[in-house]
Structures are given as C-alpha cells and as structure tokens.
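Just so it is clear, the model here is predicted, and its values are computed rather than measured. In listed order, ligands and their atoms are each counted from 1.
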Amino acid sequence: MTRITDILSTMDYGPAPEDSSIVRDWLQRHEAGFGHFIDGAFTAAADTFAVTEPATGQQIARVSQGSAEDVDAAVKAARRAQGPWAALPGHDRARHLYALARHVQQHARFLAVLETIDNGKPIRESRDIDIPLVARHFYHHAGWAELIADEFPGQRPHGVCGQVIPWNFPLLMLAWKVAPALAAGNTVVLKPAEYTPLTALAFAEIAREAGLPKGVLNIVTGDGATGAALTGHPGVDKVAFTGSTEVGRLIRRQTAGSGKALTLELGGKSPFIVFADADLDAAVEGVVDSIWFNQGEVCCAGSRILVAESVAARFTDLLKRRMAKLTVGDPLDKNTDLGAIVHPVQLARIRALVEQGRAEGARIHQGTAPEGCFYPPTLATGVEPASTLASEEIFGPVATLTAFRTPADAVALANNSRYGLAASVWSENISLATDIAAKVKAGVVWINSANLFDAGAGFGGYRESGFGREGGREGMAACLTLPTPVAQTPEETPPAPDASPAESLPPAAVDRTAKLYIGGKQARPDSGYSCAVAGGLAPLGNRKDIRNAVEAARAATGWGGQTGHNRAQVLYYLAENLSARAAEFEGRLRSFGQSATAAKAEVGTAIRRIFWYAAQADKFDGAVHSTKSAHVTLAMNEPVGVMGIACPNAFPLLGFVSLVLPAIAMGNRVVAVPSQIHPLAATDLYQVIDTSDLPGGVINIVTGARDALAKVLAEHDDVDGLWYFGTAAGGRMVEEASVGNLKQTWCEDGAARNWAGAEGQGRTFLTRATQVKNIWIPYGE
Ligand code: NAI
C-alpha cells in the first residue's frame with residue numbers, strides 16, 4: 001500500500017516558470033543599447049558591450065562603456081544638483097524617497113524578473129528578499145531625511161558621492177548606497193557592475209518617473225576602468241565601494257591624500273558555528289540560507305562551517321541529505337533553490353578553487369547541477385584551516401566543514417581569517433551563544449539565524465572586510481560630516497630630528513634624557529640615540545620600538561573587556577593625579593615659550609577633558625534596534641583594538657590628551673607618538689600614568705620623527721586603526737601605507753583644530769574610537 005508520506009517524499013515538482021514577457025519586451029525596446037543616465041536623461045548608447053543572461057548565455061542587452069568624459073559629465077551634473085538638493089527641507093527630500101519606495105513597489109515584479117534574468121539568482125529570492133528590501137531601504141531612509149536636522153545636528157552632506165557596486169545584489173546594493181546618500185542631501189554618481197547593470201538602468205527610469213530632480217542620481221555603466229575614473233574623480237567628495245578586497249585596496253591607494261571620505265564593504269570568509277546543543281535541523285536550514293543562498297555569491301555567506309565534534313558526523317550527514325534535495329537550475333522557475341552563476345568567468349573561478357582544494361586533500365561532496373553556467377551546492381570536508389578552500393573567498397555555493405572540540409577552539413578557528421564580516425552562531429544555550437558573539441571578530445553576528453538584513457541595522461566588517469557601516473544610524477552617519485576645521489597655516493613638521501648618541505652627551509644631559517614608555521615601563525630607545533628638543537632630550541624611537549610598543553599593546557587584552565565603570569575609575573584617577581601636578585606641567589609648557597595664562601589654560605582643559613572622557617567611558621553605549629519580527633539587534637560599540645595615534649605639534653599636552661583619552665576610554669590600547677617638537681609634555685605623563693592603575697600596555701609612548709614612526713604604524717598589520725594629526729603629505733603617506741590590513745585611518749592637519757575649544761572634544765572622537773558590532777538575537781514570537 002502506498003502511504004501518503006511515501007507520495008510526499010517521492011513527489012517531484014513540475015516547472016513553474018515566472019512569466020518574463022514584460023521584461024523581455026522592455027529589453028526589446030532597448031535593443032539599440034542603453035546609454036548612461038546623466039542629469040535626468042539617458043545619453044545615446046556608445047561604445048557598447050554585451051550583457052548576457054547567465055542562465056542561457058544569450059545576449060540580452062548592450063550597455064555603454066563609460067568613458068572618463070561620461071564620468072566627468074555625471075559628476076558635474078551631480079555637483080550642480082547638490083546645492084539645491086541639500087537645501088531642500090528634509091521633509092521634501094523625504095517625500096522624494098517615499099516616492100522612490102512606492103515606485104519600486106509598483107514595479108516590484110518587473111524588477112524581480114529583470115534582476116533574475118540579469119544576475120541568475122532564483123526568482124524566489126529576488127521577489128521575496130532583494131526587491132522588498134530595496135523598498136524597505138528607501139522607506140527607512142525617507143524617515144532619516146525627515147529627521148536629519150534633529151538627529152544629526154550641525155552635520156552636513158559630503159557633497160557628491162561616487163559609488164561602485166558589485167553584481168551579487170545589484171539593485172539592493174544600489175539601494176544601500178543611494179538611499180542614505182540622498183537622504184543626507186548628497187547627490188550620487190553610481191556605477192553598477194558590468195555583469196549586472198540592468199536593474200540600475202531600470203531604476204534610473206523609475207527615478208525619472210517618480211520625479212527625482214535631475215542630476216541628483218546619475219548612473220554610468222562600464223567596467224573597472226569606468227569605476228576607477230569615478231573613484232579617482234577630483235569632483236567626488238565621498239567614495240563608497242562594495243566589492244573585492246583587491247579592488248578595495250586599489251581604491252584606498254587611489255584616494256589616499258585626496259581628502260575624499262571612504263567606506264569599503266569588502267570580502268568575507270564568515271564562520272557558521274554549530275554547537276552540540278544546537279537545533280541541528282534548524283542549523284541545516286541556516287546553512288541553506290547562508291552559503292546556498294544566492295548561489296553563495298554573498299559577501300557575508302557562512303562559508304566556513306565549524307561544528308562541535310560530538311555532532312559533526314550527524315550534522316554532516318543531515319547537510320549532505322539536504323544538499324541532495326536542492327534544486328539547481330532555471331532561475332525563473334519558482335521551485336529553483338540555486339540559480340545560475342553570474343558569469344562563466346566566476347564559474348571558472350569557483351571550479352578552479354574547488355579543484356585546488358581537492359588537490360590539497362579536501363573531500364568534496366556535491367549536489368547536482370545542470371549543464372551550463374551552474375554550480376552544484378558543495379561541501380568540503382577534511383580541510384585544514386590554512387588551506388585554500390578554508391581561507392579564500394570563493395563566492396560560490398561552496399562551504400567547508402571543520403570540527404572543533406571546545407568553545408575556545410571554535411572562537412580560535414572562527415577568528416583565524418584576515419576577514420571579519422559576519423558570523424552565525426547556533427546553540428540553544430543563550431549564554432554560550434552571546435559569549436561567542438562577543439568573542440568573534442565580525443561586524444555582524446546572527447544567533448540561531450543567518451543572512452538577516454534590515455535597513456534599520458548597520459552592516460559592515462572588521463579587518464580586511466573593510467570599514468564603515470551601511471544601514472541604520474551608523475550608515476546614515478557615514479553619509480554626513482561635521483564641518484572639518486581648516487588650518488589657517490597648515491602644519492609643518494620640522495625635518496626629522498638629528499640623532500645624538502646618548503653617550504656623547506654630557507652626563508647631566510644624559511640624566512635628563514626622557515625615555516620611551518612601553519608596556520607600562522620606561523624603556524631606552526633601541527637606537528640608543530636621543531635628540532635635542534625644547535626643554536631637554538627626547539629618545540629617538542625607531543621601527544623596533546614601535547614594534548615593541550604594538551606588541552605590548554596587543555598583550556594588554558584585558559582593558560577592552562573591563563566594564564566602562566572600571567575604565568572610568570582609572571581615568572578619574574589619572575585626571576586627579578594630573579591635577580595634583582598641574583603646576584609642574586604648566587612649568588613644562590612655559591619652558592616651551594607659552595605664557596603663564598596659556599599654560600594654565602592648557603593644563604586645566606586637559607584635566608577637564610580627562611574627566612569628560614572618564615564620564616563617557618560607561619555612557620557611550622550602543623543601541624537596540626527593532627528590526628525583523630522575532631528578533632532584536634544589538635548594536636554594540638566595540639573598541640577598534642590597537643590604535644596608533646600621531647599627535648599634533650601644537651598643544652603638546654592637550655593634543656595628546658584629546659586623542660589618547662577617547663581611545664582608551666572606549667577600551668582601545670594605544671601606541672602614541674607625541675608632538676615631535678615638544679614631546680616632553682607627554683613624557684612627563686609617565687609618572688602620572690604609573691600612579692593611576694592603568695594596566696601596562698594600554699598607553700605606550702614612542703617619541704621621535706613623527707612621520708617615520710607613523711609610517712611604521714600604518715604598515716603594521718597588528719595595528720587596527722590609525723589617527724594622524726600632522727601634515728597633508730604625512731596624511732597621504734598614512735592612507736597609502738595602511739592598505740596592508742586596510743586599517744581605519746583618520747588624517748587631519750594637526751594645526752587645523754583648536755584643541756582648546758569645542759572641536760577638540762566630543763562624540764566624534766568616541767565614534768571614531770569604536771566600531772559597531774550588530775548582533776541579531778531571537779526575541780519574542
Ligand atoms: P570587483 O571588486 O572587481 O568588482 C566590483 C565592482 O568594482 C564592479 O563594479 C567593478 O566594475 C568595479 N571595479 C573593478 N575595478 C575597479 C577599480 N580599479 N576602481 C573602481 N572600481 C572598480 O569584483 P569582481 O571582479 O566582479 O569579482 C571578483 C571576486 O571579488 C569575486 O569572486 C568575489 O570573491 C569578490 N567579490 C566580492 C564582493 C563582495 O561584496 N564582497 C562583490 C563582488 C565580488
């Protein structure tokens with residue numbers, strides 16, 4: 001007798017293709033080729049290249065390769081439109097964004113089908129995930145446009161934004177970039193990826209239909225050369241890029257010293273951690289949503305499955321069985337789970353990486369896929385953590401599976417990556433899950449869930465996954481800026497100080513020679529050299545000293561984990577100890593030629609500033625976002641890590657305090673290079689620090705040639721962030737030299753800020769000293 005369960009388990013689905021005729025008609029109407037969308041109108045198609053449908057390999061359109069002149073015309077149109085757009089009341093900009101959201105919803109089916117044809121992703125995903133999120137993004141940011149003056153007082157838009165996006169979520173990435181930029185009052189020139197430009201062009205039509213003023217949004221199509229012309233254009237004020245880490249590095253180098261603001265959303269190799277007490281069936285579905293979602297072409301895909309040893313065999317078995325049931329094929333079919341790979345080039349890349357993995361000894365388990373530009377869901381077992389498959393971003397439906405013994409092993413494996421974009425943690429024990437969430441180095445952590453996105457939550461990574469956040473308040477903040485102080489007389493650093501061997505100096509002078517401060521102890525410089533500075537001799541630190549200081553800072557891991565209250569207490573103590581020695585510090589500043597009044601004011605402000613940051617240590621909190629139903633999203637302010645800080649020459653005490661204090665208040669450890677001209681105001685602090693219970697290694701001080709030392713910090717892979725307040729040339733050098741681990745930088749002219757005034761203190765410094773980790777936790781029904 002046939003049972004119903006037998007019927008259900010053997011039942012096959014008939015094809016259920018989505019009707020694509022409206023989109024095919026639209027493509028037909030544009031048979032002559034698409035031009036760019038500049039200043040509210042489409043240009044004539046020129047120098048076109050083919051856009052193909054990944055599922056069939058057929059050409060579906062021709063689009064124009066944007067030249068430098070096209071980019072220039074678009075940037076100029078955006079510039080002309082920017083003033084009037086920013087001058088609109090926020091409410092009016094909000095209405096434009098609401099209109100965009102509504103029009104996206106009206107065209108939702110068209111956009112979903114076009115996205116699926118152009119990118120190859122299953123219609124279920126473009127219809128149920130991509131396009132609804134696009135509309136959500138415009139609605140959410142319409143709200144921000146309404147609230148900007150209240151929520152971001154004193155801030156202004158950057159101006160013209162140059163945005164370059166990838167091919168994996170073509171329209172969603174456009175929405176992520178365009179909505180906040182426009183809400184803030186910027187105008188935009190956007191370049192979609194060459195494989196998938198069509199929904200951006202359709203969106204341009206929609207924007208025109210919705211009445212968006214001309215020039216506010218411009219779309220220029222083309223390849224990497226067009227992208228480079230845009231990101232390098234001098235008329236662009238802010239560059240936002242999503243794509244490969246390799247291109248992210250090129251853009252970091254290209255924009256160095258240009259004064260352009262920059263956010264980079266780059267690659268990932270995210271861990272998917274399954275503990276023994278997890279709901280394994282739910283975790284299997286989590287894997288499906290994580291690495292087999294969008295053919296694995298997802299920057300935050302859980303491509304490294306880490307599973308507790310005791311359940312590894314069972315979990316692997318469940319996964320293999322689930323994998324065998326996934327349907328790979330026609331993306332327009334509503335039953336399809338995995339569609340086509342975006343382009344044969346990407347398919348070849350996935351194949352080559354998997355073959356390399358096989359050659360390195362990985363066991364490859366695969367589902368099935370039809371002929372053509374398709375790749376089966378794949379699980380690789382027996383992989384070493386350092387192997388190709390476990391370390392390279394594949395951007396295909398390929399996961400590795402590795403067993404771990406203890407939670408500590410799981411964290412070590414999870415963090416064994418140069419990336420830090422996302423992580424997914426599965427356990428029914430909330431204490432364990434949140435403990436792991438805190439320890440994983442990733443910008444987004446999903447607990448018992450995967451790949452959840454919402455316009456109200458920030459998204460973005462740590463380390464080589466880039467910097468900056470998109471979505472939520474943080475994403476909005478990245479589209480705004482406070483007026484940057486401009487130096488009346490730009491800072492000039494004197495030539496690197498002359499070295500005088502300490503032994504050649506008269507004994508009295510040697511005695512007065514200050515030392516470096518590393519790991520809570522005074523240390524002689526490696527070189528053995530000192531140099532004459534105002535008021536005495538300062539050690540001439542070198543590369544080795546910086547390395548030692550970074551090592552000491554790295555080792556001071558406990559500081560970031562202390563409560564804000566504990567950190568506050570230490571900082572209050574520091575402020576009190578400086579108060580007790582105020583006269584001595586005033587004397588030091590007077591020895592630099594400051595008047596008694598100026599010296600008193602600088603020391604007094606420095607003391608108050610330490611109190612202010614001590615007060616902030618337990619108050620500069622994150623937020624809880626209501627995002628998806630049955631979830632809360634915790635936006636936690638985490639320290640950046642080990643920070644290098646090169647201080648301005650002016651305000652030798654106050655400049656140092658204004659930069660180092662916010663950093664350590666937020667739990668960072670610091671290697672500071674004080675004023676090159678007047679370093680002794682900082683070296684006098686050693687005893688104050690020693691008597692303040694500050695753990696060794698939290699503040700390290702290396703005196704000497706500021707730019708040379710800043711370069712070593714910029715190039716050091718164990719430095720996570722670098723603030724440089726020196727010369728324009730030095731700033732460029734720092735931005736260029738920091739491409740190695742893509743550390744966050746903040747470079748300004750050291751003479752620009754009035755450190756004694758309001759601009760020397762505030763939340764800006766705390767924001768810069770933190771990065772937000774968004775943790776999604778199941779909550780309620
Ligand atoms: P890509 O980073 O080259 O392309 C992304 C965008 O950058 C495209 O619009 C491209 O035209 C543009 N671009 C390329 N060179 C540029 C330059 N020098 N200046 C400015 N813009 C430039 O990524 P691609 O080649 O499409 O994919 C290669 C690999 O990158 C993938 O296999 C994947 O591993 C990774 N990738 C990661 C993404 C992410 O979101 N994390 C997105 C796309 C790719």
Handout entry: Protein heavy atom at shortest distance from atom 43 (C) of ligand 1
Key = Pro166 CB, 3.5 Å
Problem - Student check: side-chain heavy atoms of Ile291 and Phe272 closer than 4.5 Å - result: no
Exercise for the section: Check whether any protein heavy atom sits under 4.0 Å from atom 20 (C) of ligand 1. Expected result: yes
Exercise for the section: Have a look at ligand 1 and work out which part of Trp167, if any, has a heavy atom under 4.0 Å from it: side chain, backbone, both or neither. Expected result: side chain
Exercise for the section: May I ask you to identify the nearest protein heavy atom to atom 32 (O) of ligand 1, giving residue, atom name and distance to one decimal place in Å? Expected result: Arg349 NE, 2.8 Å
Completion exercise
Min over Ser244, Gly466, Gly248 of heavy-atom distance to atom 36 (N) of ligand 1 lands on Ser244
Problem - Option whose closest heavy atom lies nearest to atom 15 (N) of ligand 1, chosen from Gly222, Gly224, Gly162 - result: Gly224
Fill in the blank from the handout: When distances are taken from atom 18 (N) of ligand 1, the protein heavy atom at minimum range is Leu250 CD1, 3.8 Å
Exercise for the section: Report, in ascending order of atom number, the atoms of ligand 1 lying under 4.0 Å from any heavy atom of Ala193. Expected result: 9 (O)
Practice task
For a side-chain contact (heavy atoms from CB on, under 4.5 Å) with Val287, tell me which candidate from Ile305, Leu379, Leu401 qualifies.
Solution key: Ile305
Problem - Non-hydrogen side-chain atoms of Ser64 and Asp47 separated by less than 4.5 Å - result: no
Handout entry: Val398 vs Leu353 side-chain heavy atoms within contact, under 4.5 Å
Key = no
Problem - Option among Leu182, Val188, Asn186 that satisfies the side-chain contact (heavy atoms from CB on, under 4.5 Å) test with Val216 - result: Leu182
Handout entry: Pair Lys177, Thr242: side-chain N/O donor-acceptor within cut-off below 3.5 Å
Key = yes
Exercise for the section: Would you kindly specify which portion of Leu230 sits under 4.0 Å from ligand 1, judged on non-hydrogen atoms: side chain, backbone, both or neither? Expected result: neither
Exercise for the section: Go through ligand 1 atom by atom and flag the ones less than 4.0 Å from a non-hydrogen atom of Leu266. Expected result: 41 (N)
Problem - Under 4.0 Å to a heavy atom of Thr242 - the qualifying atoms of ligand 1, by number - result: 40 (O)
Handout entry: Asp223, portion touching ligand 1 at heavy-atom distance under 4.0 Å
Key = backbone
Problem - Beyond-backbone contact of Tyr462 with Lys773, side-chain heavy atoms, under 4.5 angstrom - result: yes
Problem - Trp26 and Glu205, any side-chain heavy atoms less than 4.5 Å apart - result: yes
Problem - Single hit among Leu266, Asn415, Thr245 for side-chain contact (heavy atoms from CB on, under 4.5 Å) with Arg463 - result: Asn415
Exercise for the section: Using heavy-atom distances, let me know which of Val298, Val247, Val342 sits nearest atom 3 (O) of ligand 1. Expected result: Val247
Practice task
Please examine the side chains of Asp118 and Trp167, heavy atoms only from C-beta on, and report whether any two atoms are closer than 4.5 Å.
Solution key: no
Fill in the blank from the handout: For Cys299, the atoms of ligand 1 under 4.0 Å from one of its heavy atoms are 39 (C), 40 (O), 41 (N)
Problem - Ligand-side contact atoms (ligand 1) for residue partner Gly227, heavy atom cut-off under 4.0 Å - result: 19 (N), 20 (C), 21 (N)
Handout entry: Identity and separation of the nearest protein heavy atom to atom 11 (O) of ligand 1
Key = Glu194 OE1, 2.7 Å
Practice task
Enter the distance from Leu100:CG to His141:NE2 here, rounded to the nearest 0.5 Å.
Solution key: 13.0 Å
Exercise for the section: Please examine the side chains of Phe459 and Leu421, heavy atoms only from C-beta on, and report whether any two atoms are closer than 4.5 Å. Expected result: yes
Exercise for the section: If you have a sec, work out which protein heavy atom is nearest atom 34 (O) of ligand 1 and how many Å separate them, to one decimal? Expected result: Glu393 OE1, 3.2 Å
Handout entry: Non-hydrogen atom of Phe241 closer than 4.0 Å to ligand 1
Key = yes
Fill in the blank from the handout: Short version for Gln346: what comes under 4.0 Å of ligand 1, heavy atoms counted, is side chain
Practice task
Starting from atom 12 (C) of ligand 1, locate the nearest protein heavy atom and write down its residue, its atom name and how far away it is, to 0.1 Å.
Solution key: Val164 CG1, 3.5 Å
Practice task
State, with a plain yes or no, whether a side-chain heavy atom of Glu297 is found less than 4.5 Å away from one of Ile341.
Solution key: yes
Practice task
Under 4.0 Å from a heavy atom of Gly267: give me the atoms of ligand 1 that qualify, with their elements.
Solution key: 41 (N)
Exercise for the section: Return the residue, atom name and 0.1 Å-rounded distance of the protein heavy atom closest to atom 8 (C) of ligand 1. Expected result: Ile165 O, 3.6 Å
Exercise for the section: Scan the protein's non-hydrogen atoms and note whether one is under 4.0 Å from atom 41 (N) of ligand 1. Expected result: yes
Exercise for the section: Verify the neighbour count for atom CD of Gln59: are there more than 12 heavy atoms of other residues, nucleotides or ligands below 6.0 Å? Expected result: yes
Exercise for the section: Tell me which part of Gln254 gets within contact of ligand 1: side chain, backbone, both or neither, using heavy atoms under 4.0 Å. Expected result: neither
Completion exercise
The closest protein heavy-atom partner of atom 33 (C) of ligand 1 is Phe395 CG, 3.4 Å
Problem - Salt-bridge criterion met for Glu392 and Lys269 (N-O under 4.0 Å) - result: no
